[in-house]
Every structure is written in structure tokens, then in C-alpha cells.
Asks: 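Starting off with a structure, shown below.
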Amino acid sequence: MRTATLGPAQRAESLAAMAERELDVLVVGAGVVGAGTALDAVTRGLSTGLVEARDWASGTSSRSSKLIHGGLRYLEMLDFALVREALKERGLLLERLAPHLVKPVPFLYPLQHKGWERLYAGSGVALYDAMSMARGHGRGLPIHRHLTRSHALRVAPALRKDALVGALQYYDAQMDDARFVATLVRTAVAYGAKAANRARVTGFLREGERVVGARVQDVEGGGEYEVRARQVVNATGVWTDDTQAMVGERGQFHVRASKGVHLVVPRDRISSGTGLILRTEKSVLFVIPWGRHWIVGTTDTDWDLDKAHPAASSADIDYVLEHVNSVLRVPLTRDDVEGVYAGLRPLLAGESDATSKLSREHTVAHPVPGLVVVAGGKYTTYRVMAKDAVDEAVRGLDQRVADCVTEDVPLIGAEGYRALWNARARIAARTGLHVVRVEHLLNRFGAMAEEVLDLVAEDPSLGEPLQFADDYLRAEIVYAASHEGARHLDDVLTRRTRISIETFDRGTRSAREAAELMASVLGWDKDHIEREVQHYEKRVEAERESQRQPDDLTADAARLGAPDIVPL
């Protein structure tokens with residue numbers, strides 16, 4: 001069983017090793033595409049480095065709708081190739097690559113017109129299922145079904161009777177997007193890649209017109225490294241244009257950012273045994289089951305302000321509430337909202353002014369020798385994007401390189417997951433944890449849950465739940481810092497766990513205990529713990545203030561009221 005540890009010592013070793021000898025491939029940006037590219041490259045036998053300016057998945061890849069899906073609405077746009085590709089990837093992830101992280105989720109589509117709508121929408125969903133089965137990767141999901149209004153209301157009692165005349169139910173899949181990326185990074189490292197977060201590229205190294213590496217600043221330690229590589233891959237998402245500017249090239253395409261806002265509400269606020277998908281005037285609105293919560297979103301609006309911390313305004317929140325309340329028997333209010341998060345989709349600019357009509361296809365280019373750029377695409381098709389990026393990089397290498405093998409490379413934690421799931425009652429008896437806790441760990445770490453349980457065996461107090469966020473064990477906080485590369489309190493409360501959006505206090509009451517647990521791994525003293533807690537509290541207050549502002553401009557200004565990183 002492969003594993004990899006991304007603790008402080010491994011990070012320092014990775015930075016030193018990347019600077020020591022020339023790499024075959026250096027990947028800039030550790031969102032899902034960058035992490036996937038690093039895994040693809042290293043499993044072809046290439047020496048590979050991965051650097052990220054902030055934290056794994058700290059941009060778009062931790063702020064999505066948490067769905068792995070074929071993109072049902074793209075069928076309506078007749079983009080059959082994109083849907084077919086995404087459905088194949090969905091099946092691979094569910095069945096082979098990450099069954100511990102990617103899970104089926106049902107959706108109900110309310111019909112509002114008799115006759116023609118059932119035929120029209122039903123034909124689309126039937127085609128969706130048929131395309132999935134035709135690829136041989138649809139066996140893990142039930143096929144769609146048609147429901148009468150009374151049946152639909154039994155499945156989703158929260159719906160108003162006048163909001164539907166019937167319904168369709170179909171299945172897609174979901175995952176914790178930030179956890180998925182951290183697992184991708186660890187898998188790449190397990191196969192020999194070198195990876196460092198909080199390592200910012202400040203410029204590219206050039207030999208004439210050729211890019212031969214990058215200058216990398218250690219944001220934590222303050223040092224600067226020259227990392228040489230035969231090919232550099234720019235996988236920086238919405239920062240693509242900014243990164244391209246470092247080589248004086250805007251590139252062959254332009255990336256625009258579209259803001260998506262999601263609300264998180266407690267599970268008991270919406271009485272339903274299924275997720276919902278609703279049409280809006282611009283796109284679709286999802287109501288997605290999320291443990292003891294629902295995720296409700298999303299918006300789709302142009303964004304040209306701060307990319308690191310896109311802000312949700314009061315208008316965004318009102319928009320989501322208004323649209324979901326149009327079908328709910330008991331409307332949601334602001335008081336029901338536990339968490340709010342905003343993310344930016346990297347869209348390839350086209351002729352349309354509306355971001356909802358821009359392309360979700362991805363593009364790979366080689367704008368200057370030694371530099372490959374990959375941009376656009378969907379979370380679900382990250383593996384295809386990574387393959388195409390590495391294929392392009394290989395063209396610039398003067399050697400024979402193996403073809404992509406990631407279709408057959410499970411992520412760490414996948415191997416042995418099903419056997420451990422079957423033995424979960426026995427594991428619970430052995431560890432003294434409730435079986436629900438064991439299931440929680442298996443669905444977050446897969447077979448790596450054994451490493452978390454080892455921490456509990458060494459220190460039984462780590463088997464206790466974190467105060468004020470009792471879905472998570474104290475051991476998970478320690479493990480995030482020791483094995484998953486968490487460097488700051490924000491990394492743990494926002495990405496390694498989802499405490500920042502799953503509690504009404506946004507994680508502020510859990511912050512000190514979590515910081516003290518991280519301190520034991522990262523060597524923090526009391527002053528450093530205090531700085532981490534204060535920084536987190538300021539970040540939460542800045543986010544709350546931004547969500548009280550009427551528009552993007554004022555929300556952005558309010559969100560920037562908190563510093564980006566803990567001052568040393």
C-alpha cells in the first residue's frame with residue numbers, strides 16, 4: 001500500500017531537491033489540474049516537481065460545487081464530446097481511481113409543464129445514462145426514473161406542491177474537492193514527485209527565448225531557489241494570464257474568471273432524501289446533500305477583482321436564496337445559512353459576453369519553447385487535461401517517454417478501501433471508536449485511515465471529537481499537519497476539513513484547539529498559536545463583512561480587510 005508524508009521535513013527536502021538537479025517537468029500551480037499533471041508526469045517516469053504559491057487547492061479547486069458529473073446541461077448545448085469525456089472520467093473515479101472519495105448522489109429535477117417537458121427532459125436524461133453505459137463506466141450508478149408529483153413529494157417533502165407537476169430522478173457523483181486534490185498531490189509524491197506548497201514562482205529562468213525553469217520563493221522560510229526544468233507547465237487556472245506575463249507573453253488564449261457562490265445550510269432545513277437541480281434564467285441551481293448539510297448554489301457572474309479571495313456579496317446570497325425558495329414549502333432565510341463560499345471558474349474567453357456561455361473545454365498551448373500552458377476545462381476532466389499537458393511537454397523533450405497510465409493508477413487510499421469498509425465494524429471494535437466514526441475516516445482517507453487510527457492508538461485523546469466541530473476527530477487535525485502539508489490554521493479549517501463552512505461560527509470556536517494540535521507537529525510556540533488564531537478570526541470577520549455588502553466592489557474591499565497570510 002503506497003503512502004506519502006507531506007510534513008514540514010518533507011517540504012524542506014522537496015524544495016532543496018528541486019533546486020539541486022534539473023527536472024524533466026516542473027508544474028506551477030497545485031489545483032486539481034496541476035496536481036493531476038504532476039501525477040501524470042511522474043508515472044511516465046519523468047522527474048517531476050510541483051510548486052504552489054499558497055495551499056493545495058486554495059483557489060478554484062476547493063470552492064466548486066463538489067460534483068463529479070458529466071454536465072447534463074451541456075447536452076442541451078449539443079456538446080456531446082465534452083459530456084461523453086466527462087462521463088467516462090466519472091465512471092473511472094467511482095469504480096477504479098478513487099472509490100473512497102467519489103460517491104454517487106441522486107438528483108431530482110422538478111417538471112413544471114405537462115407533456116412536452118417530460119418528453120424533452122426525459123430524453124436528455126435517458127441519453128445521459130445511455131452515453132455513460134456505452135462507455136462501460138456507468139455500472140456504479142442507478143439509471144434515471146420518472147416520478148409522478150405525489151411520488152416526487154414523498155421523496156422531497158420540502159418542495160411546494162405548485163412547484164412541480166412531476167419529476168425526473170437521476171444520479172451523478174460528488175467528492176470533497178480540496179481533499180481530492182491533497183490526495184492527488186500525495187499520490188504524485190508517493191510515485192517520486194517533489195512537491196512544496198507556500199512556494200511562489202516569482203519569475204521564469206530563460207536561455208534566449210527558451211524557458212528553462214523558474215525562480216521559486218519559499219513564502220514560509222524566506223529563501224529563494226532556482227529550479228531548472230526541461231519543461232515547465234503553467235497550470236495556474238484563473239492566474240494563467242498573470243503567470244504568462246512573467247515571460248512577456250499573454251499567450252494564445254485569454255482566461256476569464258466567473259464567480260460561483262454557494263451557501264451551506266443544515267440538513268434539517270430542507271426535508272428531502274435527494275438532491276435537487278433547478279433551472280434558472282442563466283444556468284442551473286443545485287441543492288446538494290453534504291453530510292449533515294446542504295450545499296446550495298451557484299451563481300455565474302463575471303469577476304475581475306481579487307483572484308485570491310473572491311467575495312460573496314449580499315446580492316449573491318439573496319440571488320441563491322430567492323431561486324431556491326421559489327420551490328421550497330418552508331423558505332430559507334439568512335439565519336439558516338451556516339457558511340458561504342465563493343470560487344472562480346477559469347473560462348476560456350470567447351465571443352460571448354456572458355460567462356455562462358463561455359467554453360468549458362480546455363486548451364493546451366506551447367507559447368514559447370520550454371513552457372506549456374493548460375487552461376479551462378472542468379474539475380471532472382482534470383485527468384484528461386493533465387494527460388494533454390504532459391503530452392505537449394513530452395514533445396519538447398528529446399527522448400522517448402511512456403504513454404499516460406493514470407487511467408490505471410488509483411489514488412492513495414483506494415487500494416484496500418473496500419475490504420476495510422467491509423471490516424468497519426471489526427475496526428470499530430478494535431479501536432474503541434463508534435462505527436460511524438470509522439466510516440467517516442474511511443470516506444475521507446480510504447485505506448490511509450489506518451494511519452489516522454495509529455495516531456489515536458499512540459494518544460487516545462486524539463480519538464475525541466474536536467470541540468464545537470464534532471464531526472471531526474482531533475487526530476484529523478494532527479494528521480493534516482503531519483501528512484497532508486497543512487501549514488496554517490486556515491489550511492486545516494477551510495480545506496483539510498470543512499469546519500469553516502459547516503458551523504454557524506465558521507470555525508472560530510474550534511480555532512484555538514485546532515491550532516494547539518497543529519503546534520505539536522509544526523513546532524509553534526504560544527505566540528505563533530495566538531497569531532494563527534487571530535489571523536483566522538480576522539479572516540472570518542472580513543468574510544462576514546463582505547457578505548453584508550451590496551455589490552462585488554464593496555464586498556471585495558471588505559474581504560481584503562484581512563491579511564492574506566500569518567505575519568511572522
Side-chain angles (χ1 to χ4, degrees), residues 1-15 17 30 35 38-39 42 50-52 54-58 61-62 98 100-101 175-199 220 410-417 420 427 431 433 437-438 440-463 466 472-499 513-524 532:
M1 184 175 68
R2 285 184 178 271
T3 185
T5 301
L6 301 180
Q10 289 76 19
R11 177 182 175 276
E13 289 167 8
S14 289
L15 279 170
L39 177 59
V42 76
L50 174 67
V51 292
E52 162 59 44
R54 297 188 295 153
D55 184 27
W56 322 130
S58 55
S61 295
S62 61
H100 55 313
L101 301 176
M175 46 71 224
D176 182 328
D177 48 8
R179 172 148 300 284
F180 189 93
V181 174
T183 306
L184 264 179
V185 174
R186 290 186 67 195
T187 307
V189 170
Y191 281 98
K194 304 299 180 184
N197 54 357
R198 308 289 177 185
E220 303 282 283
L411 304 194
I412 61 167
E415 183 186 351
Y417 159 70
L420 289 172
I427 295 170
T431 61
L433 295 175
R437 297 286 186 191
V438 175
H440 162 87
L441 293 176
L442 288 171
N443 284 330
R444 281 170 53 74
F445 305 98
M448 297 299 104
E450 293 282 14
E451 295 182 343
V452 183
L453 293 171
D454 286 345
L455 294 177
V456 177
E458 292 170 17
D459 180 356
S461 73
L462 297 181
L466 194 69
Y472 300 95
L473 297 181
R474 286 161 51 88
E476 294 177 74
I477 310 301
V478 174
Y479 190 79
S482 64
H483 285 69
E484 297 181 329
R487 302 286 300 168
H488 293 281
L489 182 58
D490 185 60
D491 298 343
V492 167
L493 297 183
T494 306
R495 286 172 292 278
R496 303 306 183 281
T497 71
R498 293 308 187 147
I499 294 168
E513 182 183 3
E516 289 170 352
L517 288 166
M518 294 179 70
S520 64
V521 177
L522 299 176
W524 295 346
E532 291 281 344

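We're numbering straight along the sequence, starting at 1.
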Asks: Shortest non-hydrogen contact from Leu101 to Arg444?
Replies: CD2-O, 3.5 Å

Asks: Tell me every residue that passes salt bridge (Lys or Arg N to Asp or Glu O under 4.0 Å) with Arg487, counting only those two or more places apart in sequence or in another chain.
Replies: Glu220

Asks: My understanding is that only residues two or more places apart in sequence, or in another chain, count here; which of them pass side-chain contact (heavy atoms from CB on, under 4.5 Å) with Ala515?
Replies: Leu489, Trp524, Ile529, Val533

Asks: Before you tell me yes or no, could you show the steps for Arg2 and Thr187 under side-chain contact (heavy atoms from CB on, under 4.5 Å), namely the whole-Å CA-CA distance, both residues' side-chain angles and the distance that decides it to 0.1 Å?
Replies: CA-CA 8 Å; Arg2 285 184 178 271; Thr187 307; over 6 Å; no

Asks: Can you list everything that forms a ring-ring contact (aromatic ring centres under 6.0 Å, His included) with Tyr479? Sequence neighbours excluded, please.
Replies: Phe445, His483

Asks: Is any side-chain heavy atom of Leu473 closer than 4.5 Å to a side-chain heavy atom of Val452?
Replies: no

Asks: Identify the heavy atoms of Arg496 and Ala486 that sit nearest to each other, and give their distance.
Replies: NH2-N, 3.4 Å

Asks: Assess the residue pair Lys194 and Glu13 against the criterion (salt bridge (charged side-chain N to carboxylate O under 4.0 Å, His left out)); give the C-alpha distance rounded to whole Å, side-chain angles, the decisive distance to 0.1 Å, and a yes or no.
Replies: CA-CA 8 Å; Lys194 304 299 180 184; Glu13 289 167 8; over 6 Å; no

Asks: Where do Glu52 and Ala30 come nearest, in terms of heavy atoms and distance?
Replies: OE1-N, 2.8 Å

Asks: Would you call Thr3 and Glu451 a side-chain contact if the rule is heavy atoms closer than 4.5 Å?
Replies: yes

Asks: Side-chain donor-acceptor pair under 3.5 Å between Thr497 and Glu476, yes or no?
Replies: no

Asks: With a 4.5 Å cut-off on side-chain heavy atoms, are Asn197 and Leu50 touching?
Replies: no

Asks: As an exercise, state the distance from CD1 of Ile427 to CG of Leu441, rounded to the nearest 0.5 Å.
Replies: 9.5 Å

Asks: For Asp176, check side-chain hydrogen bond (donor to acceptor under 3.5 Å, both in side chains) against everything at least two apart and list the hits.
Replies: Arg498

Asks: Arg11: which residues meet the salt bridge (Lys or Arg N to Asp or Glu O under 4.0 Å) condition with it, sequence neighbours left out?
Replies: Asp218

Asks: To the nearest 0.5 angstrom, please state how far the CZ atom of Arg186 sits from the CD atom of Gln10.
Replies: 10.0 Å

Asks: Mind checking side-chain hydrogen bond (donor to acceptor under 3.5 Å, both in side chains) for Arg474 and listing every partner two or more places apart, or none if nothing turns up?
Replies: Glu513

Asks: Can you find a pair of side-chain heavy atoms, one from Ser482 and one from Val521, that are under 4.5 Å apart?
Replies: yes

Asks: According to side-chain contact (heavy atoms from CB on, under 4.5 Å), who are the partners of Ala35, at least two apart in sequence or on a separate chain?
Replies: Val181, Leu184, Val185

Asks: If you compare all heavy atoms of Ala178 against all heavy atoms of Ala57, which two are closest, and at what distance to 0.1 Å?
Replies: CA-CB, 4.0 Å

Asks: Are a donor atom and an acceptor atom from the side chains of Arg437 and Thr431 found within less than 3.5 Å of each other?
Replies: no

Asks: Can you list the residues that meet the side-chain hydrogen bond (donor to acceptor under 3.5 Å, both in side chains) rule with Glu484, with sequence neighbours excluded?
Replies: Arg179

Asks: Side-chain contact, heavy-atom cut-off 4.5 Å: His488 with Arg198?
Replies: yes

Asks: Flag the pair Leu420 / Val438 as yes when at least one side-chain heavy-atom distance between them is below 4.5 Å, and no otherwise.
Replies: no

Asks: A side-chain contact here means heavy atoms from C-beta on lying under 4.5 Å apart; do Ile499 and Val492 qualify?
Replies: no

Asks: To the nearest 0.5 Å, what is the distance between CG on Leu453 and CD on Glu458?
Replies: 11.5 Å

Asks: Would you please name every residue forming a salt bridge (Lys or Arg N to Asp or Glu O under 4.0 Å) with Arg495, sequence neighbours left out?
Replies: Asp55, Asp490, Asp491

Asks: From Leu411 CG over to Thr183 OG1, what is the distance, rounded to the nearest 0.5 angstrom?
Replies: 6.5 Å

Asks: Hey, are the side chains of Val478 and Asp459 touching, using non-hydrogen atoms and a 4.5 Å cut-off?
Replies: no

Asks: Look at the aromatic rings of Tyr472 and His440 and report parallel, tilted or perpendicular, splitting at 30° and 60°.
Replies: perpendicular

Asks: Closest heavy-atom contact between Phe180 and Ala98?
Replies: CE1-CB, 3.9 Å

Asks: Output the distance between atom CD (Glu450) and atom CG (Leu442), rounded to the nearest 0.5 Å.
Replies: 8.0 Å

Asks: For residues Ala195 and Val189, report the shortest heavy-atom separation together with the two atoms involved.
Replies: CB-CG2, 3.8 Å

Asks: Please name all residues satisfying side-chain contact (heavy atoms from CB on, under 4.5 Å) with Asp454, sequence neighbours left out, ordered by chain then number.
Replies: none

Asks: My understanding is that only residues two or more places apart in sequence, or in another chain, count here; which of them pass side-chain contact (heavy atoms from CB on, under 4.5 Å) with Ala182?
Replies: Trp56

